[in-house]
Engineer: 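Sending over a structure as structure tokens; questions will come in a sec.
For the numbers below, each heavy atom of this structure counts, side chains included, while hydrogens, waters and symmetry mates do not. Each chain gets a letter, A, B and so on, in the order its sequence line appears, and its residues count up from 1.
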Protein chains: 2
Amino acid sequence: MSTSERLIESTRELLWERGYVGTSPKAIQQRAGAGQGSMYHHFAGKPDLALAAIRRTAEEMRARAEEQFSAPGTALERISAYLQRERDVLKGCPVGRLTQDPEVMADEALRAPVDDTFIRLRGRIAEVLAEGRDRGELAAGLDPVATASTVVAVLQGGYVLARAAQSTEPFQQAVTGVLGLLAGHATAR
Amino acid sequence: MSTSERLIESTRELLWERGYVGTSPKAIQQRAGAGQGSMYHHFAGKPDLALAAIRRTAEEMRARAEEQFSAPGTALERISAYLQRERDVLKGCPVGRLTQDPEVMADEALRAPVDDTFIRLRGRIAEVLAEGRDRGELAAGLDPVATASTVVAVLQGGYVLARAAQSTEPFQQAVTGVLGLLAGHATAR
DNA sequence: GTCTATAAACAGATAGAC
DNA sequence: GTCTATCTGTTTATAGAC
């Protein structure tokens with residue numbers, strides 16, 4: 001892997017583990033096995049390197065999610081597969097965690113890929129939900145757009161609860177709970 | 001307000017705005033209008049001051065939530081009132097944001113109040129949901145424990161989506177969506 | 001209790017040799 | 001392209017005067 005590639009990958013890891021504010025150029029260089037001169041030769045500075053790293057992480061996440069949604073199965077099966085796929089729950093979401101970084105949110109260029117990731121994700125899930133509703137797999141009264149935000153929020157909030165507890169249990173519960181509601185366990189009354 | 005109080009309050013604000021890693025003792029002192037000597041006289045250091053601030057924020061949040069849950073009304077009304085009460089959505093949750101701080105999570109003393117806050121919150125919501133189910137207000141098949149985690153996750157994830165978008169819209173959608181599911185809009189099929 | 005002085009280590013670069 | 005040297009400011013304190 002080229003030095004430039006190693007710098008980007010190291011930055012991706014550190015942004016995930018420690019966030020933007022908590023990541024120093026020095027730490028990036030050490031993890032990449034590159035000197036200072038190298039880093040400043042390939043990138044203008046920390047924000048520039050972070051932008052490359054964030055863009056790549058966002059794109060990877062988008063592609064990964066699309067795999068689940070374009071797979072065969074009912075709407076509920078696809079949403080379920082997406083929520084329950086293998087995840088590094090205790091590490092949290094590499095994109096979602098950036099929303100807690102004041103310097104990322106303050107920089108339009110850095111925030112844009114984060115914003116875009118969630119806009120697309122919510123939109124794609126809304127499509128799947130609308131499809132399921134129209135096919136009669138889901139309730140006729142279901143609001144696809146609002147519910148899509150709910151699904152993504154359960155995921156992002158599940159990470160928060162798991163990290164607080166240092167256990168995947170609350171994440172699993174949150175996912176189980178929303179899938180139960182979607183499946184209409186609330187029907188019997 | 002005493003100097004000690006001002007230091008704690010300034011720390012609470014800064015932890016909310018910038019997190020633990022992003023908050024320096026100097027910034028705390030400046031906002032509190034206190035000198036370095038003052039801060040180190042009242043507190044052993046940054047972790048000690050942060051502990052006092054986090055404990056207070058956690059306790060305040062717990063008390064605030066309890067107000068909604070002990071109010072009169074059906075289970076759904078109380079959950080709805082809790083989710084829709086006035087919130088500083090774009091600032092996010094002052095407790096939830098700490099889960100993204102590697103140094104807070106690494107320090108058992110600092111993580112404990114965060115963990116405790118969500119354990120209690122999930123437990124209290126599970127009680128309200130169980131009550132609603134037993135009274136026939138909610139579906140008989142509803143899982144109170146799992147659904148309580150879902151409700152809290154929607155809140156925490158809603159903050160994440162709102163910050164990414166710099167708009168309260170996705171937060172409102174996520175809340176609307178989960179309330180619709182709880183209310184059984186999924187019933188008609 | 002509060003203030004100023006001092007300090008070692010780190011953050012985030014820039015400059016120029018190789 | 002990579003390396004070392006240098007630099008300004010910040011971080012997180014400690015020491016001691018007032």
Engineer: Please give me every residue in residues 2-16 of chain A whose heavy atoms get under 4.0 Å of an atom in DNA chain C, ordered by residue number.
Structural biologist: none
Engineer: Which parts of nucleotides 11-18 of chain C does protein reach within less than 4.0 Å, heavy atoms only, written one letter per nucleotide 5' to 3' as B for base, S for sugar-phosphate only and - for none?
Structural biologist: SSBB----
Engineer: Just to confirm, is there a sub-4.0 Å distance from OP1 or OP2 of dC3(D) to any side-chain nitrogen or oxygen of His41(A)?
Structural biologist: no
Engineer: Just how far, in rounded Å, is P of dT10(D) from CD1 of Ile28(B)?
Structural biologist: 16 Å
Engineer: Given salt bridge (Lys or Arg N to Asp or Glu O under 4.0 Å), test Glu60(B) with Arg12(B) step by step and report yes or no.
Structural biologist: CA-CA 11 Å; Glu60(B) 201 175 285; Arg12(B) 296 218 295 153; 3.1 Å; yes
Engineer: Does the salt bridge (Lys or Arg N to Asp or Glu O under 4.0 Å) test come out yes or no for Arg18(A) and Glu103(B), once each step is laid out?
Structural biologist: CA-CA 9 Å; Arg18(A) 306 192 40 84; Glu103(B) 308 199 4; 3.5 Å; yes
Engineer: If you apply the rule salt bridge (Lys or Arg N to Asp or Glu O under 4.0 Å), what do you find for Arg56(A) with Glu59(A), and how did you get there?
Structural biologist: CA-CA 5 Å; Arg56(A) 185 172 296 185; Glu59(A) 175 49 33; over 6 Å; no
Engineer: From Tyr40(A) OH over to Lys46(A) NZ, what is the distance, rounded to the nearest 0.5 angstrom?
Structural biologist: 9.0 Å
Engineer: Taking Glu127(A) for its side chain and Arg124(A) for its backbone only, find out whether a donor-acceptor pair lies under 3.5 Å.
Structural biologist: no
Engineer: For a salt bridge (Lys or Arg N to Asp or Glu O under 4.0 Å) check, start with the C-alpha distance between Glu108(B) and Arg111(B), then their side-chain angles and the critical distance, and finish with the verdict.
Structural biologist: CA-CA 5 Å; Glu108(B) 278 307 302; Arg111(B) 187 177 64 82; 3.0 Å; yes
Engineer: So, using side chain to side chain contact (heavy atoms under 4.5 Å, CB included) as the criterion, who are the partners of Arg122(B) when residues are at least two apart?
Structural biologist: Leu161(A), Pro170(A), Gln173(A), Ile119(B), Ser149(B), Val152(B)
Engineer: Side-chain donor-acceptor pair under 3.5 Å between Gln172(B) and Thr168(B), yes or no?
Structural biologist: no
